[in-house]
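Just so we're on the same page: letters track the sequence lines, and every chain starts at 1. Side-chain atoms are counted along with the backbone in the values below, which use heavy atoms only and exclude waters and symmetry mates.
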Protein chains: 2
Amino acid sequence: MATPTREPNRREQILAAAAAKFARYGFHGVGIDDIGAAVGISGPALYRHFRGKEAVLAEMLTGISDTLLAGGRERVGGEDPAADLDRLVAWHVGFALGNPDLITVQARDLDSLGSPDRNRVRERQRAYVEVWVDVLCRLHPGLARSTARAAAHAAFGLINSTPHSTRLSSGAMTDLLHRMARAALAEVTG
Amino acid sequence: MATPTREPNRREQILAAAAAKFARYGFHGVGIDDIGAAVGISGPALYRHFRGKEAVLAEMLTGISDTLLAGGRERVGGEDPAADLDRLVAWHVGFALGNPDLITVQARDLDSLGSPDRNRVRERQRAYVEVWVDVLCRLHPGLARSTARAAAHAAFGLINSTPHSTRLSSGAMTDLLHRMARAALAEVTG
DNA sequence: CGAGGATGTTAACGGCGGCTCACGCCACTC
DNA sequence: GAGTGGCGTGAGCCGCCGTTAACATCCTCG
């Protein structure tokens, strides 16, 4: 091919391919050559775009946590906590269904990251959880934050189970997960 | 120590230690020496008890899937599908809270297994899901099995999120997860 | 008490995989 | 058209890791 369309950014191709591989085999189960082959280049060419294999994972995970946190914050702060929670659920369901590989990698390979990046990602994740906890506590005054935190984690688990599912149509799946998550969280008042 | 209590079965110590390591770092992220060190022996002594590193994972995963399936089958077949479902939820919550490492490894490292063992485990997992699907379909006549399957997976995700949670007391956590899972599954009728 | 088997140890091999290096292309600009 | 810089390749180094081998120890039993 005579440079049909000069790829604008190889980096994103690599990130997407690596996400798919990492999601299936785990960070340590995927080689540099595997990632390269998945985007049509072979082996060490990757070092023209990233400082190393771990840098690929780092950029992937910081991107996910930044996106989730930013999207979550955009959707709260309304007058009605119930509506806020509804938007949070919709946001998370949409992200998980749209990016199953990323959701899997984030849940799975965070500990393969070196301390500096890992701490950064953990911080964002913690902040994202607190967004949910705040809304839950506003919705149910008197609810202990530790209980709200456990409930939020459970809701994430429910929604993130997407990748393992025999997928229904996207619309049906969105609707099902949304309703199940809402029902589960409604149970949190005690 | 002058052989205080000769360890009856090293194998189970190794399995437990390996489960903890695998859960944290992934199968490929843990070395033979790491596992050995965790039980007080060093390195290749492991080969006195297992044919190799993969054999450890294989025994772990087949054990989990056998246990889950057997426990699930014991708890269904009553006259009341709602009571069956309740027992299934209680069973799964108890297992997940009692064995967070195993739950993590099962969800994470199945693809690191060679074909023969992997297929065996997959078969058991599939059968276990069908136990849930059967109960859901008896409880909600007319429910499509594919929808029931998606709902079951979502419930597993909710319950299995345990390891990532800042744990409440065991009793409170059991109660919370049980109620959330029940509420989520009740939403499945459409 | 001496043979044998279960359980460990250290040393060493062999392959794999991440990473570096030296080099080849183009595309674009003075 | 020669220089420059982005992008890719193939060869090779080096360290890690799963596995094997050769050798110790100790308990058990005839």
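In terms of the salt bridge (Lys or Arg N to Asp or Glu O under 4.0 Å) criterion, A:Arg73 has no residue partners (sequence neighbours excluded). Applying the side-chain contact (heavy atoms from CB on, under 4.5 Å) criterion to B:Ala172, with sequence neighbours excluded, gives B:Leu168, B:Ser169. Qualifying salt bridge (Lys or Arg N to Asp or Glu O under 4.0 Å) partners for B:Glu54, counting only residues two or more places apart in sequence or in other chains: none. The salt bridge (Lys or Arg N to Asp or Glu O under 4.0 Å) search around A:Asp84 returns A:Arg87, A:Arg138, not counting sequence neighbours.
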Practice problem: Summarise protein proximity over nucleotides 16-23 of chain D in one line of letters, 5' to 3': B for base, S for sugar-phosphate only, - for none, counting protein heavy atoms closer than 4.0 Å. | Solution: --SBB-B-
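In this structure, B:His49 does not reach the C:dA6 phosphate: none of its side-chain N or O atoms is under 4.0 Å from OP1 or OP2.
Atom CD1 of A:Ile41 and atom P of D:dT9 are 6 Å apart (whole Å). If you measure from atom CD of B:Gln13 to atom P of C:dG8, you get 9 Å, rounded to the nearest angstrom. The nearest whole Å value for the distance from the CZ atom in B:Arg11 to the P atom in C:dG8 is 13 Å.
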Under 3.5 Å, side-chain donor or acceptor atoms of residues 143-157 of chain A against the rest of the protein: list the pairs with distances, not counting sequence neighbours.
from	atom 1	to	atom 2	distance (Å)
A:Arg145	NH1	A:Asp134	OD1	3.2
A:Arg145	NH2	A:Glu130	OE1	2.8
A:Arg145	NH2	A:Asp134	OD1	2.9
A:Arg149	NH1	A:Glu130	OE1	3.2
A:Arg149	NH1	A:Glu130	OE2	2.7

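The residues B:Glu123 and B:Arg126 are annotated as salt-bridged, a charged nitrogen and a carboxylate oxygen being separated by less than 4.0 angstrom.
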